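Treat the numbers as computed from the prediction; the structure is a model and nothing was measured. For this chain, numbers begin at 1 and follow the sequence in order.
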Amino acid sequence: MGVEIAARETLEQAMAEALLSSRATRSRVKAVCLAVSGVNHQSDQERILKWLRDIFPSHVRLYVQNDAVAALASGTMGKLDGLVLIAGTGTIAYGFTADGREARAAGAGPVLGDWGSGYGIAAQALTAVIKAHDGRGSHTMLTSAMLEELDLRSPDDIIRWTYADTSWARIAALVPVVVRCAEAGDEVANEILNYSVQELAASVRAVVHRLGLCGQDGKASFPLVMVGGVLAANKGWDIGSEVIKRVSKDYPGVISIIPKVEPAVGAAMLAWNLYRRESSRTDEDGKNS
């Protein structure tokens with residue numbers, strides 16, 4: 001219960017700051033779209049909707065979605081049609097069709113195999129260092145690079161560093177080290193990045209297939225919004241571009257989009273579009289009755 005109260009207080013503070021920065025009051029709000037990590041089931045949505053109903057007047061339209069939905073909306077101007085691939089600390093592929101069907105792949109966290117994520121890449125790199133140290137794996141430039149990055153003396157120190165704090169973001173922050181080693185020609189680092197591309201592309205393909213976004217002939221166009229630090233372009237190793245290359249071999253109609261706005265703006269556009277759609281429906285019902 002303590003965690004739930006803390007989460008509610010954080011959400012209330014964030015919304016209060018947003019209202020303050022826009023010089024608005026709660027009475028002026030027409031719609032709220034809250035896109036939150038970990039909202040995966042209707043029970044999650046209902047719990048957060050109850051919090052929001054206690055905060056905002058009854059006339060306010062309330063929408064609760066997974067944070068991946070806001071990321072998608074940030075690249076499609078609030079339209080839920082297509083899919084988003086997020087690859088940061090974690091990873092998820094999330095898609096919608098124009099008629100409202102949805103599907104997702106990955107996003108289950110590092111224990112259940114989000115290997116295309118920043119955590120997955122860095123965890124495999126640290127594992128490669130340990131395997132090389134004890135003779136189970138190939139020699140790799142990752143060993144010296146990781147020791148230098150973490151200011152440690154030996155791979156044994158890496159074991160202690162890793163388990164001192166196993167937070168996902170702390171591990172994922174080491175991805176640039178892996179990219180640098182891959183760009184310098186290290187075979188092990190390149191294998192890790194190639195595997196991450198394979199995993200990310202597989203997540204995209206799974207969602208496209210389940211929703212039929214590619215059309216019956218497999219060639220229909222659909223947007224793929226790319227979000228997250230892992231997908232950012234690097235000098236010699238551009239994971240995002242490599243993912244697109246693999247996906248486009250199966251689905252030539254894929255259109256990659258790098259959002260120009262933050263997911264928070266996507267959530268605002270989504271709230272506006274949903275509000276207009278529901279208001280339009282209400283008006284039509286009123287005319288027909």
Spell out, yes or no, whether [X] and [Y] are grouped together once hydrophobic residues are joined by side-chain heavy atoms under 4.5 Å, including indirect joins.
| X | Y | answer |
| --- | --- | --- |
| Leu200 | Leu193 | yes |
| Leu152 | Met141 | no |
| Tyr63 | Phe56 | no |
| Tyr119 | Tyr195 | no |

Residue pair [X] / [Y]: nearest heavy atoms and the distance that separates them:
| X | Y | answer |
| --- | --- | --- |
| Arg104 | Asn66 | NH1-ND2, 4.3 Å |
| Val175 | Gly118 | CG2-O, 3.3 Å |
| Ala70 | Ala35 | CB-CB, 3.4 Å |
| Gly185 | Asn190 | C-ND2, 3.9 Å |
| Arg153 | Leu147 | O-CD1, 3.8 Å |
| Tyr94 | Ile92 | CD1-CD1, 4.0 Å |

message = Tell me if the NE2 atom of His209 is crowded by more than 12 foreign heavy atoms within 6.0 Å.
response =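 For His209, atom NE2 is not crowded (no more than 12 foreign heavy atoms under 6.0 Å).
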
query = Within a reach of under 6.0 Å around CZ of Arg101, are more than 12 heavy atoms found that belong to other residues, nucleotides or ligands?
reply = yes

key: Test item: Leu83 and Val225 side chains (from C-beta on) under 4.5 Å apart, heavy atoms   = no

ask   = Hey, are the side chains of Glu149 and Leu174 touching, using non-hydrogen atoms and a 4.5 Å cut-off?
value = yes

Atom pair [atom1]/[atom2] of [X] and [Y] - distance to nearest 0.5 Å:
| X | Y | atom1 | atom2 | result |
| --- | --- | --- | --- | --- |
| Lys249 | Ile244 | NZ | CD1 | 13.0 Å |
| Ile55 | Lys50 | CD1 | NZ | 11.0 Å |
| Lys79 | Phe96 | NZ | CZ | 14.0 Å |
| Asp238 | Leu231 | CG | CG | 8.5 Å |
| Ser196 | Asp114 | OG | CG | 12.5 Å |

Donor-acceptor check, side chain of [X] to backbone of [Y], threshold 3.5 angstrom: yes or no?
| X | Y | value |
| --- | --- | --- |
| Asp186 | Thr140 | no |
| Ser74 | Ala71 | yes |
| Gln45 | Val64 | yes |

Taking only Lys NZ, Arg NE, NH1 and NH2, and the carboxylate oxygens of Asp or Glu, determine whether [X] and [Y] approach each other closer than 4.0 Å.
| X | Y | value |
| --- | --- | --- |
| Asp44 | Arg47 | yes |
| Glu183 | Arg180 | no |
| Lys219 | Asp217 | no |
| Glu102 | Arg210 | no |

